[in-house]
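Here's the structure we're looking at; comments come further down.
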There are 2 protein chains.
Amino acid sequence: MSHLATQSTGTVDRILDVAERLFAENGFHATSLRQITQDAEVNLAAVNYHFGSKQALIVAVFKRRLDALNSARLARLDELLASDAPPALEAVLDAFVRPAIVFTHASDETGHRFMRILLRAFADQDADLHAALSSEYAHVMRRFAAAIAETLPDHCPDRIRRQLDFIVGALTHTMAESGHDDPGQIADDLVRFSAAGLGSLPHPSLQTANQVGAKGTLEIVR
Amino acid sequence: MSHLATQSTGTVDRILDVAERLFAENGFHATSLRQITQDAEVNLAAVNYHFGSKQALIVAVFKRRLDALNSARLARLDELLASDAPPALEAVLDAFVRPAIVFTHASDETGHRFMRILLRAFADQDADLHAALSSEYAHVMRRFAAAIAETLPDHCPDRIRRQLDFIVGALTHTMAESGHDDPGQIADDLVRFSAAGLGSLPHPSLQTANQVGAKGTLEIVR
DNA sequence: GCCTGATTCAAACAGATGTTTGATAATACT
DNA sequence: AGTATTATCAAACATCTGTTTGAATCAGGC
């Protein structure tokens, strides 16, 4: 018993909040359980009691926020697909990009903090972390890749998915580094930037036999 | 005495090589000096003797490779600017992107390893590291931003610099995550992608008064 | 030869780390 | 009521961390 089965006090939430902040500020390894439990005003043993280990705590911190972000993305995508007309490329990209940007620039610093953790997760190639996240993220990325492929029917889906990696990189980097600029402006720029980039794909008619083996990010974190 | 003043045996080089590998594999904090010195077959105290501290070793690992990469970039940019005709946007972007991609996909795994460290440096917002790198990188980024601004004379330089952040993000992410695909193909795609994105900048004529305060990545690591 | 500086080495230092333990307090159930 | 489960707590566990020390070894100059 012990792990996972509880929903009682604010202890586990307080741990998650403080851990999220400290992970973003100092990194996973550099943040000690004593630091977390002290700031959260809980006992040192509470982390191992409620989560099982430090590693499990890291994963828990991620899943909590990622669920919200991806839900927002998919909600916007569903809304797009519900209408009769096929969605424009810009609209699909906007559904993917804007929720992330908006979340990052939330009034409190929560979003910005979390996005720096996300960038860290890309850097730290932590096997457990990737495994935990891929189960959630894979679904989302597949749906967006499919929606984009539908707006660019002439193009190879693998190629599109590779380009999507560019967008993810630009988005992640921008979210982690950007200051307190106007989030709407940033989202506008990135959507336009990405749409133009995708639109510049050469037509497959003159495509020579090139390998698209492409073990890109898609297979690692989504 | 002690620090920095030596160039004797292969001890310091052996430490740098092993440290670079382990930092890329496990991160800075997760890599211990005992691990490094054991793999390098040198004494534990050698790191503190030759570099002064673990932090100084981290910086040293970076500077060694970054010098080579940025030199290659600037050499290609100079070559471009030397010709009479003003360079095309794609050519400037290529001079920035391709050396990084090629270096990342070097025959040995050195390049790929190092690029994962670089991504880690973006994630870990280490003050000392940023300070050490900015002194070198700032020069390079300023020159490329200027060259790009010259090929897009109508546009606001601040805006261009912000777009350059998108490219850096896409490049860094791609280099850190991409497998053993064809590097030339990746560079081609990214250059075309970036050029199209930059080319889609709206003309300043209809530019409303929007702030471009933009404390982007440029000021942090270059 | 001897001496001087630079380098290596084994050992110890002082602390921080994640995790476990066993007791204690709080809560829920019957 | 009383019993069982859940949660919190202080303390200790074993291990790892970066750094320092002082003696041993090597180099080259005189």
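This structure is a prediction, so every number in the text was calculated from the model and none was measured. All chains are named by letter (A, B, ...) in the order of the sequence lines, taking the proteins before the strands, and each is independently numbered beginning at 1.
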For the side chain of B:His50, starting at C-beta, report the closest nucleotide among D:dT8, C:dT20, C:dT7.
C:dT7
Salt bridge A:Asp39-A:Arg14, side-chain N to carboxylate O under 4.0 Å:
no
Quick one: B:Gln38 CD to D:dC16 C1', roughly how many Å, whole number?
13 Å
Each base of DNA chain C marked ( ) or [ ] if paired in-strand (Watson-Crick or G-U under 3.5 Å), | if paired to another strand and . if unpaired gives ||.||||||||||.|||||||||.||||||
A:Ala45 has a side chain; which of D:dA10, D:dT21, C:dT8 sits nearest to it?
D:dA10
Not counting sequence neighbours, which residues clear side-chain contact (heavy atoms from CB on, under 4.5 Å) with B:Ala195? List them please.
B:Leu89, B:Glu90, B:Leu93
Hey, is CD on A:Gln35 packed in by over 12 heavy atoms from elsewhere, all under 6.0 Å?
yes
For C:dA10 and B:Asn43 - does any side-chain N or O of the residue sit under 4.0 Å from the phosphate oxygens OP1/OP2?
yes
Whole-Å gap separating P (D:dT19) and CG (B:Leu57)
10 Å
What residues form a side-chain contact (heavy atoms from CB on, under 4.5 Å) with A:Gln38, not counting sequence neighbours?
none
Charged N-O contact under 4.0 Å between B:Asp17 and B:Arg64
yes
Using only side-chain N and O atoms of A:Thr11, determine if any of them is under 4.0 Å from OP1 or OP2 of D:dA7.
no
In chain order, what residues pass the side-chain contact (heavy atoms from CB on, under 4.5 Å) check against A:Leu44, with sequence neighbours excluded?
A:Leu33, A:Arg34, A:Thr37
With B:Ala95, which residues qualify under side-chain contact (heavy atoms from CB on, under 4.5 Å), at least two apart?
B:Arg76, B:Phe144
Report all interatomic pairs (protein N or O, nucleotide N or O of nucleotides 14-17 of chain C) with separations under 3.5 Å.
unit_1	atom_1	unit_2	atom_2	d
C:dT17	OP1	A:Ser32	OG	3.3

Any idea which of D:dT19, D:dT21, D:dC9 is nearest the B:Leu44 side chain?
D:dT19
Examine distances only and state if a side-chain atom of A:Lys54 and a backbone atom of A:Val47 form a donor-acceptor pair shorter than 3.5 Å.
no
